[in-house]
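Structure first, then comments.
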Amino acid sequence: MRTHQPKLKTQLFSCGFFRHCTRSVLSPTASHSPALPSLPSASDQPPPPPPPPSRRPPLPDSESSSSSASQSFTQWRFPLPRSPIFTQQPSISDPPSTFSIPPSDPLPPPISASALQEILQVAQLQLCSASDSDRLAALQLLERSLVPNPSLDSDCTPELMRGLIESFNIKTGSKPATKILLALCLAEGNRHVAVEAGAVGAVIESLPEMEDAAAERALASLELMCTVAEGAAEVRAHALSVPAMVTMMGRMAARGKESAISVLGVIYDNGVSSEAKSAVTAPPEEVARAVVLALQGDSSVRGRRKGARLLKTLQEQQDEFFTAAL
């Protein structure tokens with residue numbers, strides 16, 4: 001008997017000038033289901049199992065505003081110190097009563113506002129030092145104080161932020177510095193301080209040299225800085241913004257890729273002025289091709305949705321360009 005295999009159904013996404021962007025989805029087209037085994041008689045059949053509990057459909061993702069974005073980033077950027085799993089596998093010969101899950105280490109208690117300000121002042125003095133050892137000690141102090149319990153009310157001074165940004169140039173400083181920058185950018189007030197201190201340019205120019213974990217946190221910080229007007233303007237004005245984001249889309253995993261797509265969405269936003277659009281020199285067609293290639297790899301659901309919106313925006317801008325040229 002001839003068996004029917006699932007066929008690949010290709011959907012064409014018409015991108016106008018962008019040629020045809022294709023993606024393949026698995027479409028089950030089997031004409032009939034395989035034969036089921038014969039059931040026992042009614043007298044031998046056991047009672048039916050209870051129905052499974054009903055599940056509610058997942059809630060749809062909503063667009064994060066400047067305030068809600070801070071809460072969404074804390075859900076995965078700062079994990080628990082230990083995971084509540086078996087650290088040692090129990091022996092099979094042990095009696096069942098000895099099987100127990102060891103308790104996980106709790107998060108340290110939040111630091112008071114006065115103590116946090118003292119820590120920030122001490123770290124600021126050390127970051128302004130010419131000694132790399134003092135600056136690394138300041139990074140370790142800030143990482144222990146801010147990363148486990150990021151505060152949304154911490155006030156960062158421009159001097160501390162500039163010292164933190166300069167730590168990107170230290171060989172072992174980029175990893176803790178990106179953690180601290182992300183923790184500070186969760187507070188909206190610190191995003192303004194970071195932009196004024198030159199964090200946008202420092203992140204964009206340092207991304208190629210960072211490891212993937214540090215680059216992912218740096219991209220998340222850049223995405224947060226784009227939620228303030230001056231941060232979005234800095235990103236659009238930087239000459240390496242588009243090339244860096246295109247490179248990160250092809251290199252990073254799902255979360256880093258999503259942040260890079262979000263930054264590109266800010267750069268090519270239709271709501272900006274004509275002067276701001278003219279500052280972007282990268283052709284929309286080339287960016288669209290890179291987005292399509294990136295979405296064919298490992299991407300989150302939200303990242304694919306942002307990528308689809310970005311492709312639509314790029315197509316509209318390309319159509320406007322050809323309409324104006326006629």
Side-chain angles (χ1 to χ4, degrees), residues 62 64-85 87 101-128 134-168 170 172-195 197 199 202-203 210-228 231 255-256 258-259:
S62 59
S64 58
S65 61
S66 177
S67 58
S68 62
S70 303
Q71 300 177 359
S72 64
F73 277 94
T74 58
Q75 296 176 2
W76 61 272
R77 304 294 177 180
F78 305 103
L80 295 176
R82 291 179 60 187
S83 177
I85 60 175
T87 56
I101 299 178
S104 59
D105 294 337
L107 287 174
I111 302 177
S112 63
S114 58
L116 181 59
Q117 289 302 319
E118 293 180 2
I119 291 174
L120 294 178
Q121 292 176 2
V122 172
Q124 177 180 328
L125 294 176
Q126 292 178 321
L127 286 174
C128 294
D134 290 343
R135 296 164 70 180
L136 288 175
L139 294 177
Q140 294 173 359
L141 175 62
L142 291 173
E143 184 179 3
R144 291 194 305 267
S145 306
L146 290 175
V147 173
N149 283 300
S151 174
L152 300 181
D153 299 323
S154 58
D155 294 329
C156 177
T157 62
E159 293 77 14
L160 188 147
M161 186 63 73
R162 282 192 291 267
L164 179 63
I165 294 170
E166 292 175 358
S167 301
F168 288 169
I170 304 177
T172 58
S174 62
K175 182 177 180 179
T178 52
K179 292 182 181 180
I180 299 165
L181 178 61
L182 179 56
L184 289 173
C185 285
L186 293 176
E188 184 176 355
N190 290 335
R191 301 172 202 172
H192 299 276
V193 178
V195 174
V203 168
M210 292 183 181
E211 298 180 356
D212 286 353
E216 183 178 304
R217 291 187 292 267
L219 285 169
S221 303
L222 186 62
E223 183 181 358
L224 285 173
M225 286 185 282
C226 287
T227 60
V228 297
R255 287 169 178 167
E258 178 186 336
S259 296

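Predicted model, so just to flag it, every value in this text is computed and none were measured.
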Considering all heavy atoms of both residues, which atom of [X] and which atom of [Y] are nearest to each other, and what is their separation?
X      : Y      : value
Phe168 : Ala177 : CE2-CB, 3.4 Å
Arg162 : Ala197 : CG-CB, 3.8 Å
Val195 : Gly231 : CG2-CA, 3.6 Å
Thr178 : Ala214 : CG2-O, 3.6 Å
Leu139 : Pro176 : CD1-CG, 4.1 Å
Gly256 : Leu219 : O-CD1, 3.5 Å

To the nearest 0.5 angstrom, please state how far the [atom1] atom of [X] sits from the [atom2] atom of [Y].
X      : Y      : atom1 : atom2 : answer
Glu143 : Lys175 : CD    : NZ    : 8.0 Å
Leu116 : Asn149 : CG    : CG    : 10.5 Å
Thr172 : Gln140 : OG1   : CD    : 8.5 Å
Ile180 : Leu164 : CD1   : CG    : 5.5 Å
Leu182 : Arg217 : CG    : CZ    : 8.0 Å

Report yes if some heavy atom in the side chain of Glu216 is under 4.5 Å from a heavy atom in the side chain of Met210; otherwise report no.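 They are not in side-chain contact.
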
Check whether [X] reaches the backbone of [Y] with its side chain - one donor and one acceptor, N or O, closer than 3.5 Å.
X      : Y      : value
Asp134 : Gln126 : no
Asn190 : Cys156 : yes
Ser167 : Gly163 : yes
Arg191 : Cys185 : yes
Thr227 : Leu224 : yes

Would you please test Val193 and Leu160 for side chain to side chain contact (heavy atoms under 4.5 Å, CB included) and show each step? CA-CA 10 Å; Val193 178; Leu160 188 147; over 6 Å; no

Closer than 4.0 angstrom, basic N to acidic O: yes or no for Glu258 and Arg255?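 No, no charged N to carboxylate O under 4.0 Å.
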
Among Thr157, Asp155, Leu141, Leu142, which residue meets the side chain to side chain contact (heavy atoms under 4.5 Å, CB included) test with Leu120?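 Answer after filtering Thr157, Asp155, Leu141, Leu142: Leu142.
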
